[in-house]
**Q** 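Here it is: the structure, laid out below.
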Amino acid sequence: MTDLFIHDSAARRKRRFEPIDPGHVRMYVCGPTVYDLAHLGNARPVVVFDVLFRLLRRLYPKVTYVRNITDVDDKINARSRETGEPIEAITARTTADFHADMAALGALEPTVEPRATQHIAEMIALIERLIANGHAYVAEGHVLFSVPSFRDYGKLSGRSPDELLAGARVDVAPYKRDAGDFVLWKPSDENTPGWESPWGRGRPGWHIECSAMSWKHLGEAFDIHGGGHDLIFPHHENEVAQSVCAFPGRGFARYWMHNGMLLVNGEKMSKSLGNFMTVRDILAEGPWAGEAFRLLLLRTHYRAALDFTMEGLREAKAELDGHYAMLRRAPAAHDEGLARRMAEWVLEPLHDDLNTPLALARLRDLRTLENALTVGGSATVVLERIGLTREPAPGTAAAAFREAAQILGITRFAPEAWAQGLAGAGKATASGDTLMASAVAGPTREEVESAITARLAARRAKNWAEADRIRDDLKAKGIILEDGPAGTSWRRA
RNA sequence: GGUCCGGUGGCCGAGUGGUCAGGCAAGGGUCUGCAAAACCCUCUACAGCGGUUCGAUUCCGCUCCGGACCUCCA
C-alpha cells in the first residue's frame, strides 16, 4: 500500500500519515453555521474532505468522519430578529438546504453530523474542567479562557500572543483579565436562546462547540482536523487551547489540514464582503452544474487559492461531457487485473497531499487511451506515460477510469442520462430533484428519436439535403447528433 | 504595521536542480456522404534582478505585484 502524505498546517510541512489506530481513522471537519444558504466558498472544504474521506476508506478498514452543524450562534439570532422567523425554523430549513446542496455536489454524508445544541452538556463539562484546571475564569456572568495560562497559545497559527494584542482590532471587554482571552460561555437575556448552567442561563461561545463535539464523537485525541484556511485563527487556535488544556498530554488533533480560499475577481468570497454566489445559484445553471462545480474545485490543489469564473465552470462541464461520452461507448468487457493497476496509477497522486489536479490529468489519459482503442487511434504517448508496453483490451481503461473516478466522486451518473438531460437523475433531496428536473428543456426523448428515425430513412435514400435539414433542426433545439458505426446517438448541448 | 502564502505559455493548472505535465483555445491532418465525436501533429512558459551550482523555472537573497489572517468568516 502506498504511504499517504498530508501537509500538516501545524508543522507547516508534509508529513507521512500515521493514524493513532490504523484500524480506525478519525477525522473532524468544521461544518456550517446554519443561518443562510451555502455559498461557493462553503462548498470547497466539503468537497475536498469528501475526497479525503473516500481515499481514507479505501486505505483503512474503518473511518469516522465527523462534520458538525452549528445551530447556535449570534448570527442566527440576528437573522431571526431581522426576519421574525423563529430560530428553530431558520436552522432546520438551512440545514435541509445544506444537505440538498452538498448532495448535489456528490458529497457523501459524514459518519456523524453532530449539532451544537445537542452537545450543551458536553460543553458545560468541558468548561468546568477548564475552570478546575485554572485555564478559565468567571467574570460578570461570562466564562473566559485565560490565554496566558496556555504556554503554546499561538503555535498553530504561528503568532505570539503579543503580536495578537498589538494587531487587535476590537474593543477589549472590561471583564477580560487579558485582552486575548476569549469567551467560553456568555449570559443570555430572556429574548436570546439560553441553557441553564453553573454560571446562570446562557449560551456557548463559538469555539467550545467543536472541542465538545470532537471529544464526544472522536475522543480526546484523533487523527485529522480540517477546515478553511481562514479558521486557523482564532477558531482553531482557540479550539486547540481548550482541548489541550482540558485533556493535558493527549495532543488533540495529530494533523491539521486547511483548504485555500475560493476567490471571485481575485478576492475572497465571503458573506461579510457580500460578493458571494450560492451553491444554489450554480445548481440553477443546469442539471450538470453540481458535478461540474465539484470537478472545478478538484482541478485546483486544495491548498491553493481558487479564482472562480463561469468560464471555468463551463470548461469543467465540457470535460465531464468528454468523460461521459467515452464511458458511454466503451465496452464493458475488460482485463480486471490491468484495470486495477491503471486505477492505482491514477490515484497515486492523491497519496501526495491530495494532488487532485494530477490525478485528474491521469484520468484524462485513461480517457484518451480508451477512446483510441474504442474509436480508433494509437495512443502511444499515453501508453508510455502509464508505463504499458502493449495495448490493453478495449474497456480496460474505461473500467480503471470508473474505479478511480469513484474516489474523486465524478461521473457518478449513468453516461446516457448525463448526455440526454438527467431528468429525475440525482439522488438529492426533494428540492434538489425539482431543481434538476426543471432545468431540462427542449424536445422530449420521443421527439428526438422519431426525428432520428426519419433522418435514417432519408440517409438510406441518400437524400442528404433532408438528412442535414433534420440534423440542423435538432441542433437549433439543442440536440446534437453523432453518427457512428453502431448507429446515431444524441445528446443535449 | 505584523505574520503567512502565491506569481508557470492566449486562458486554466501540476511539477521538477539537467529528457514530456495535462486541459481549454488556436492552426494543420486522419476518419466521415457532409458533419459531429474520436485520434494524431503543431504551439515550449516558469514576475524582475542578483547569488549558489558544471547546470535553476526548481535552492538562497532582494525588488515588484497579488492574496489571506491579525478575535464575523469555509
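In this text, all values refer to a predicted model and were calculated from it rather than measured experimentally. Convention: sequence-line order gives letters A, B, ...; per-chain numbering from 1.
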**Q** Is A:H39 touching bases, backbone alone, or none of the nucleic acid, heavy atoms closer than 4.0 Å?
**A** base
**Q** Of all the choices, B:A37, B:C34, B:A21, which nucleotide is nearest to the side chain of A:L358 once you look at every atom?
**A** B:A21
**Q** Does B:C72 have OP1 or OP2 under 4.0 Å away from a side-chain N or O of A:S272?
**A** no
**Q** How many Å lie between CD on A:E466 and P on B:C34, as a whole number?
**A**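 Taking atom P of B:C34 as the reference, CD of A:E466 is at 19 Å.
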**Q** Please work out if A:V381 contacts a base, only the sugar-phosphate, or nothing of the nucleic acid, heavy-atom cut-off 4.0 Å.
**A**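 Sugar-phosphate, no base atom in range.
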**Q** With a 3.5 Å distance limit and no angle check, can you tell me whether A:S157 reaches the backbone of A:E237 through a side-chain donor-acceptor pair?
**A**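 Side chain of A:S157 to backbone of A:E237, a donor-acceptor pair under 3.5 Å: no, none is there.
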**Q** Quick check: any donor-acceptor pair below 3.5 Å linking the side-chain of A:D483 to the base of B:C34?
**A** yes
**Q** Check every atom of B:A38, B:U71, B:A37 against the side chain of A:F233 and return the nucleotide holding the closest atom.
**A** B:U71
**Q** Over 60° means perpendicular and under 30° means parallel, so classify the ring planes of A:H207 and A:F182, tilted if in between.
**A** perpendicular
**Q** Rounded to whole angstroms, how far apart are CG on A:L383 and P on B:C39?
**A** 13 Å
**Q** Checking all strands, does A:M269 fall into the base, sugar-phosphate, or nothing category for heavy-atom contacts under 4.0 angstrom?
**A**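 Answer is base: heavy atoms of A:M269 come under 4.0 Å of a base.
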**Q** Of the nucleotides B:C34, B:G23, B:A14, which one has an atom closest to the side chain of A:R455?
**A** B:C34
**Q** Looking across every strand, which nucleic acid part, if any, lies under 4.0 Å from A:N371 by heavy atom: base, sugar-phosphate, or nothing?
**A**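 Here A:N371 touches the backbone only, sparing every base.
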